[in-house]
Amino acid sequence: MSRKSELEKAIRESENEIDLLEQKRLRSMSSFIEALVNHDTPSEEDIEYFKTFSGLIELERENLRRLTEELEKLTNR
């Protein structure tokens, strides 16, 4: 498999991972919204889930940027 094909596959996988993590983060955000609507405080567990998923999303976005830049360099040769 060529490096270009490997990068394209890795980019698709990274995009899918970001989508999955964002869906999980949305679930934790719904707990925040519910707490706000009910004039309550969100649980520490919900806060930690949100922070964890947000951090993982940011890491994966950085990975996606790196992969995309590498692919662009190969394509522009």
Side-chain angles (χ1 to χ4, degrees):
M1 187 185 283
S2 74
R3 181 65 181 149
K4 183 178 176 182
S5 296
E6 290 174 4
L7 287 170
E8 289 170 342
K9 181 180 179 191
I11 287 170
R12 282 191 305 275
E13 290 172 351
S14 182
E15 289 170 339
N16 289 338
E17 182 66 17
I18 290 169
D19 287 342
L20 179 66
L21 290 169
E22 286 177 340
Q23 288 174 8
K24 290 179 180 181
R25 184 174 65 174
L26 280 174
R27 290 185 201 129
S28 69
M29 283 180 18
S30 69
S31 297
F32 283 120
I33 293 169
E34 183 178 354
L36 288 173
V37 167
N38 294 328
H39 304 287
D40 201 3
T41 304
S43 73
E44 287 297 319
E45 186 177 85
D46 290 333
I47 293 169
E48 284 306 311
Y49 278 129
F50 181 81
K51 288 179 181 179
T52 299
F53 288 125
S54 294
L56 290 172
I57 289 167
E58 199 53 43
L59 287 173
E60 194 60 42
R61 284 182 180 154
E62 181 57 38
N63 181 50
L64 180 59
R65 280 189 286 274
R66 184 185 54 75
L67 291 169
T68 303
E69 287 173 5
E70 189 175 341
L71 180 61
E72 286 175 1
K73 287 178 186 175
L74 280 176
T75 305
N76 292 332
R77 284 187 172 177

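Note that this is a predicted model, so its numbers are computed, not measured.
- Sorted by first and then second residue, the ring pair (Phe, Tyr, Trp, His ring centres under 6.0 Å) pairs involving residues 54-77 (not counting sequence neighbours) form an empty list.
- Under 4.0 Å is where a charged nitrogen must lie from a carboxylate oxygen, and between E6 and R3 at least one such pair does.
- Every pair tested for ring pair (Phe, Tyr, Trp, His ring centres under 6.0 Å) that includes a residue from residues 56-77 fails, sequence neighbours excluded, so the list is empty.
- In this structure E15 satisfies the side-chain contact (heavy atoms from CB on, under 4.5 Å) test together with I11, L64, sequence neighbours excluded.
- Pairs passing the ring pair (Phe, Tyr, Trp, His ring centres under 6.0 Å) check and including a residue from residues 57-77, sequence neighbours excluded, do not occur.
- S30 pairs by the side-chain hydrogen bond (donor to acceptor under 3.5 Å, both in side chains) definition with nothing, not counting sequence neighbours.
- Qualifying side-chain hydrogen bond (donor to acceptor under 3.5 Å, both in side chains) partners for S28, counting only residues two or more places apart in sequence or in other chains: none.
- Take S54 and apply the side-chain hydrogen bond (donor to acceptor under 3.5 Å, both in side chains) test, not counting sequence neighbours, and it matches R25.
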Give the table of side-chain donor-acceptor pairs shorter than 3.5 Å for residues 17-24, with sequence neighbours excluded, one pair per line with atom names and distance.
residue	atom	partner	partner atom	Å
E22	OE2	R61	NH2	2.5

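- Residues passing the salt bridge (Lys or Arg N to Asp or Glu O under 4.0 Å) test with R65 are E58, E62, sequence neighbours excluded.
- Here CD of E69 is found 12.5 Å from CG of L74. Values are rounded to the nearest 0.5 Å.
- Note that the CZ atom of R12 and the CG atom of L7 stand 11.0 Å from one another [nearest 0.5 Å].
- E34 meets the side-chain contact (heavy atoms from CB on, under 4.5 Å) test with N38; sequence neighbours excluded.
- Residues A35 and P42 approach most closely at CB-N, 3.8 Å, considering heavy atoms.
- Considering only residues two or more places apart in sequence or on other chains, N63 meets the side-chain hydrogen bond (donor to acceptor under 3.5 Å, both in side chains) condition with E60, R66.
- The other residues sharing a hydrophobic cluster with L26 are M29, F32, I47, F50, where clustering joins ILVMFWY side chains under 4.5 Å apart.
- Using a 4.5 Å cut-off on side-chain heavy atoms (C-beta onward), L71 and L67 make no contact.
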